[in-house]
Amino acid sequence: MSNQPKLPIYLDYQATTPLDPRVLDAMMPFFTEHFGNPHSTSHSFGWMAEEAVNKAREQIASLIGARTNEIIFTSGATESNNLAIKGVGRAYRSHRNKIITVATEHKCVLESVQVMADEGMEVVMLGVQADGLINLDDVAAAIDDNTLLVSVMTVNNEIGVIQPIAEIGALCREKRAFFHTDAAQAIGKIPIDVGAMNIDMMSLSGHKIYGPKGVGAFYLRAGSRLKPQPVMSGGGQENGLRSGTLAPALCVGFGRACDLALQEMDAEAERISGLADQLLSGLTHSLEGVQLNGHPDNRIPGNINVSIAGVDGEMLLASLRDIAVSSGAACASAVVGPSYVLQAIGVTDDLAQSSLRIGLGRQTTKAEITYAVDHIVGAVKKLRVNA
Ligand SMILES: *Cc1c(COP(=O)(O)O)cnc(C)c1O
């Protein structure tokens, strides 16, 4: 059994990723000797921390084609999405009152948009096609002179599809609407250029790219008239947009993670793509009724969401004790019921209930995929016999 991988096997990279050891190495000194407050301007402890935070800002900016002064640190993509939607909504709703978003966005976008609707803004919720992609004609038809903000995620966290961000950005530019994208699942996996894609605001998360949890960033295009109203009031840090003392260790870790992603993205995508092919062909060759959810090509390779007809996803998960994957209700596993993302692409409740999201990433090995395929196939066959 030399090929037996170490158990349990982690295949849930959309929920979070393990911290890269090289990231931890970069962070450690900022938990110990370099403990200064980066906002202390009168001594070297503060300067040291500030310098490290600004280097991290530069590393994050490099990954998305931004400038250093366009990166604002936050606690994560949830906070950044709140700042984009509530902050821009509250600052400009007296000029333009409409927000356009998509039914398959992350909960924190949908909930923030709902708050703005409760506060009196008009919200247009676009659907998606059966492949999970937005129809550009729908976007073009929805944007009008009253549209303040369009928010469309770059890569979906449940089904991995990549939206046509550059095309949406061009439409927004043409109609002078602000464009925000939640890129938490995209950075480090596909090339992003905020300039070429006409992105005004972007949300990023540390823990989805082998960095620490509890840190994220908000990209805000400089030189535009855009100034969101802060969600957090206080000492005016981060250009007055996000008050509160920064956590230098977390910022440094996020920066290092972006730096590694920039260097390794291409090779890593190719390797993970090979593993994803192995996984999908392994499942479809041994089992009837396996369907890949979401567009077959416009996707990141590390997110394989499949429906397996005739088995309950929760029961399948329960019989896969050694393999960490998630099922139908993906991100909100506290909530029962079929995933709203799968519903939005027209997957029946039965097939949504029998779906698995298998996430592959930097630490995933061929031996792990071989093990996962064997055990998923075995478990499905057993459940189907007993059904
Ligand atoms: C994980 C995730 C979030 C939330 O990010 P946090 O940094 O955990 O707050 C938001 N959007 C998407 C698409 C995500 O995958």
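Ligands are counted one by one from 1 in listed order, and the atoms in each one are counted from 1 as well.
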Might you work through the side chain to side chain donor-acceptor pair (under 3.5 Å) test for Asn54 and Glu58, ending with a clear yes or no?
CA-CA 6 Å; Asn54 284 336; Glu58 200 174 305; over 6 Å; no

Do the side chain of His295 and the main chain of Gln163 share a donor and acceptor less than 3.5 angstrom apart?
no

Would you tell me which option among Val109, Asp182, Leu204, Asn157 has the nearest heavy-atom contact to atom 12 (C) of ligand 1?
Asp182

In terms of relative ring orientation, are His180 and Phe218 parallel, tilted or perpendicular, with 30° and 60° separating the classes?
tilted

If I apply the N/O under 3.5 Å rule, does Gln185 come out as touching ligand 1?
yes

Is the closest N or O pair between Gln14 and ligand 1 shorter than 3.5 Å?
no

Is the shortest distance from a heavy atom of Lys213 to ligand 1 less than 4.0 Å?
no

Distance-only, no hydrogens or angles: does the Glu70 side chain make a donor-acceptor pair with backbone N or O of Ala222 under 3.5 Å?
yes

Considering distance alone, does some N or O of Val215 sit under 3.5 Å from an N or O of ligand 1?
no

By number and element, which atoms of ligand 1 are closer than 4.0 Å to a non-hydrogen atom of His207?
6 (P), 7 (O), 8 (O)

Which heavy atom in Lys175 sits nearest to a heavy atom in Ile143, and how many Å separate them?
NZ-O, 3.2 Å

Kindly confirm or rule out an N or O of Ser205 lying under 3.5 angstrom from an N or O of ligand 1.
yes

For the pair Arg271 and Glu264, find out whether any cationic side-chain nitrogen is under 4.0 Å from an anionic carboxylate oxygen.
no

Record the part of Met153 in heavy-atom contact with ligand 1 below 4.0 Å; permitted values are side chain, backbone, both and neither.
side chain

Using a 4.0 Å heavy-atom cut-off, say whether Ala184 meets ligand 1 through its side chain, its backbone, both or neither.
side chain

Could you give me the CA-CA distance, side-chain angles and deciding distance for Gln343 and Asp349, then say whether side chain to side chain donor-acceptor pair (under 3.5 Å) is met?
CA-CA 7 Å; Gln343 281 180 328; Asp349 284 0; 3.3 Å; yes

